[in-house]
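Notes for the one structure printed next.
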Amino acid sequence: MPDDAAVRDGAAVPDDAAAGRGSLTIADRALTAITRQVAQEVPGVASQEHAGTVERTLGRGFPRVFWRRAGDHASVGVEIALLWPASAAHVTTAVQDAVARELERQAGQQVGRVDVRVRDVVRPAAARPVARVR
């Protein structure tokens, strides 16, 4: 049986039959959601809870995602807030790797480039000073 054939009901069927079934289109919104979730799971990336109330309400929290797509190829920009004292070099590299890997795995998106920018550095909630009233 040729390598480019599948078996259906015991007979070899060429792969071009699979091409006739249709196509899959994944919206930018879905890819953005995947990218944001993956970036937030990287240790050292601040979660939405670290954004202020106004930023969260207006949807200006981190991570922010920007796209350039052509078919199934993409370039992605991700802006993150970094948790102090995480290494920016290690965290941004981990975000690049995780985003490219998961977009390929979950959406079949070929990511040629992932640019990660650190836009803010925040303290973990436990390390923030407590305001005192006098």
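Heavy atoms only: backbone and side chains are in, while hydrogens, waters and symmetry mates are out.
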*Quick one: list whatever passes side chain to side chain donor-acceptor pair (under 3.5 Å) with R105, sequence neighbours left out.*
E102
*Got L82 and D120 here, is their nearest side-chain heavy-atom distance under 4.5 Å?*
no
*Indicate the atoms forming the closest heavy-atom contact of P63 with I80, along with that distance.*
CB-CG2, 4.1 Å
*What is the distance from atom CG of L31 to atom CZ of R69, rounded to the nearest 0.5 Å?*
5.0 Å
*Less than 4.5 Å apart, any side-chain heavy atom of L83 and any of V122?*
yes
*Not counting sequence neighbours, list each pair that qualifies as a salt bridge (Lys or Arg N to Asp or Glu O under 4.0 Å) and has a residue in residues 78-96.*
R64-E79, E79-R119
*Could you state whether I26 and F66 fall into the same hydrophobic cluster, counting links through intermediate Ile, Leu, Val, Met, Phe, Trp or Tyr residues with side-chain heavy atoms under 4.5 angstrom apart?*
no
*For T32, check side chain to side chain donor-acceptor pair (under 3.5 Å) against everything at least two apart and list the hits.*
W67
*Residue pairs passing the side-chain hydrogen bond (donor to acceptor under 3.5 Å, both in side chains) test where at least one lies in residues 89-98, sequence neighbours excluded*: S87-H90
*What distance do Q40 atom CD and F62 atom CZ have between them, rounded to the nearest 0.5 Å?*
12.0 Å
*Contacts of type side chain to side chain donor-acceptor pair (under 3.5 Å), residue E104, not counting sequence neighbours*: Q110
*How close do I34 and A107 get, heavy atom to heavy atom, and via which atoms?*
CD1-CB, 4.4 Å
*Could you tell me whether the side chain of V78 reaches within less than 4.5 Å of the side chain of D115, counting heavy atoms only?*
no
_side chain to side chain donor-acceptor pair (under 3.5 Å) against S75, all qualifying residues, sequence neighbours excluded_ = none
*asked:* Looking at every heavy atom in both V42 and A94, which two are closest together, and how far apart are they?
replied: CG1-CB, 3.7 Å
